[in-house]
Amino acid sequence: IQRGTFSLEKRTSSGRPRETRTEDTIARVRELVTKNPRFSTRQIAAESSLAQATVSRLLKQDLGLKIVLSCWVPHSLSDQNKKDRVKCSRELLKLFCHLGERFLGSHLLVQDESLFL
């Protein structure tokens, strides 16, 4: 504004262009997470020589992952995941029908989609 520039058009900057979100860096981060899904963003950043914020952006936006129980997992369920959940639910329902209240007291505790047997 001080220089008399009032345009809202995006200008090219004179600074260094972003080179961190390339197909190569995305593939490198994907490979590291595949090898060890328990890597933290700090560990992935150290292994890949990228900034931690860049790694976080790649994991969440480009790879569609989120962290669950300290492990990077896909954000959506596959068809097989859905089928497995239905199968497990049906088996648990059969056990409940067979054992009644005894089943709930001694075999199963469910909290926040975590299963403890």
Side-chain angles (χ1 to χ4, degrees):
I1 292 178
Q2 292 175 345
R3 290 184 285 168
T5 305
F6 296 101
S7 174
L8 296 177
E9 298 295 319
K10 184 176 180 181
R11 298 180 312 159
T12 58
S13 65
S14 59
R16 182 176 169 200
R18 286 189 169 192
E19 298 174 0
T20 55
R21 289 178 75 184
T22 64
E23 292 299 319
D24 290 338
T25 57
I26 294 170
R28 189 169 21 159
V29 169
R30 180 184 292 119
E31 181 183 340
L32 288 170
V33 171
T34 302
K35 283 183 185 176
N36 187 351
R38 294 198 180 276
F39 266 167
S40 67
T41 54
R42 183 175 291 136
Q43 290 169 314
I44 295 169
E47 290 283 327
S48 62
S49 301
L50 295 169
Q52 189 174 350
T54 300
V55 169
S56 181
R57 192 177 312 112
L58 290 173
L59 290 168
K60 293 175 183 176
Q61 294 177 7
D62 296 314
L63 297 177
L65 300 176
K66 69 176 186 173
I67 195 155
V68 176
L69 298 174
S70 301
C71 187
W72 290 101
V73 296
H75 188 63
S76 59
L77 293 174
S78 67
D79 287 338
Q80 186 60 45
N81 293 136
K82 293 174 186 176
K83 289 176 185 176
D84 290 344
R85 284 186 175 202
V86 169
K87 180 181 173 187
C88 182
S89 297
R90 287 184 176 151
E91 290 174 4
L92 290 171
L93 185 60
K94 284 180 188 176
L95 281 173
F96 175 70
C97 289
H98 179 68
L99 297 175
E101 294 294 323
R102 292 180 297 143
F103 171 75
L104 293 177
S106 62
H107 291 82
L108 184 70
L109 170 66
V110 178
Q111 179 180 350
D112 295 333
E113 297 185 8
S114 299
L115 178 66
F116 304 93
L117 296 176

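Residues: numbered from 1 along the sequence shown.
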Could you measure the distance from the CD atom of E23 to the CG atom of D62? Nearest 0.5 Å is fine. 8.0 Å

Donor-acceptor pair, S56 side chain versus Q52 backbone, under 3.5 Å? no

In chain order, what residues pass the salt bridge (charged side-chain N to carboxylate O under 4.0 Å, His left out) check against K82, with sequence neighbours excluded? none

Tightest non-hydrogen contact, residues A51 and A45, listed as C-CB, 4.1 Å

Which value, rounded to the nearest 0.5 Å, describes the distance between Q61 atom CD and L63 atom CG? 10.5 Å

Between CD of Q80 and NZ of K87, what distance do you get to the nearest 0.5 Å? 9.0 Å

Member of L50, T54, V55 meeting the side-chain contact (heavy atoms from CB on, under 4.5 Å) criterion with T41: V55

Are the side chains of S48 and T25 in contact, using a 4.5 Å heavy-atom criterion? no

Separation between CG of L58 and OG1 of T22, rounded to the nearest 0.5 Å: 8.5 Å

To the nearest 0.5 Å, atom CZ of R85 lies from atom CZ of R90 at 15.0 Å

Atom CD in E47, atom CG in N36: separation rounded to 0.5 Å? 9.5 Å

Results of side chain to side chain donor-acceptor pair (under 3.5 Å) for S78 - residues two or more places apart only: N81

Minimum heavy-atom distance F39-I44, with the two atoms named: CB-CG1, 3.6 Å

Side chain to side chain donor-acceptor pair (under 3.5 Å) with Q43: which residues, sequence neighbours excluded? S40

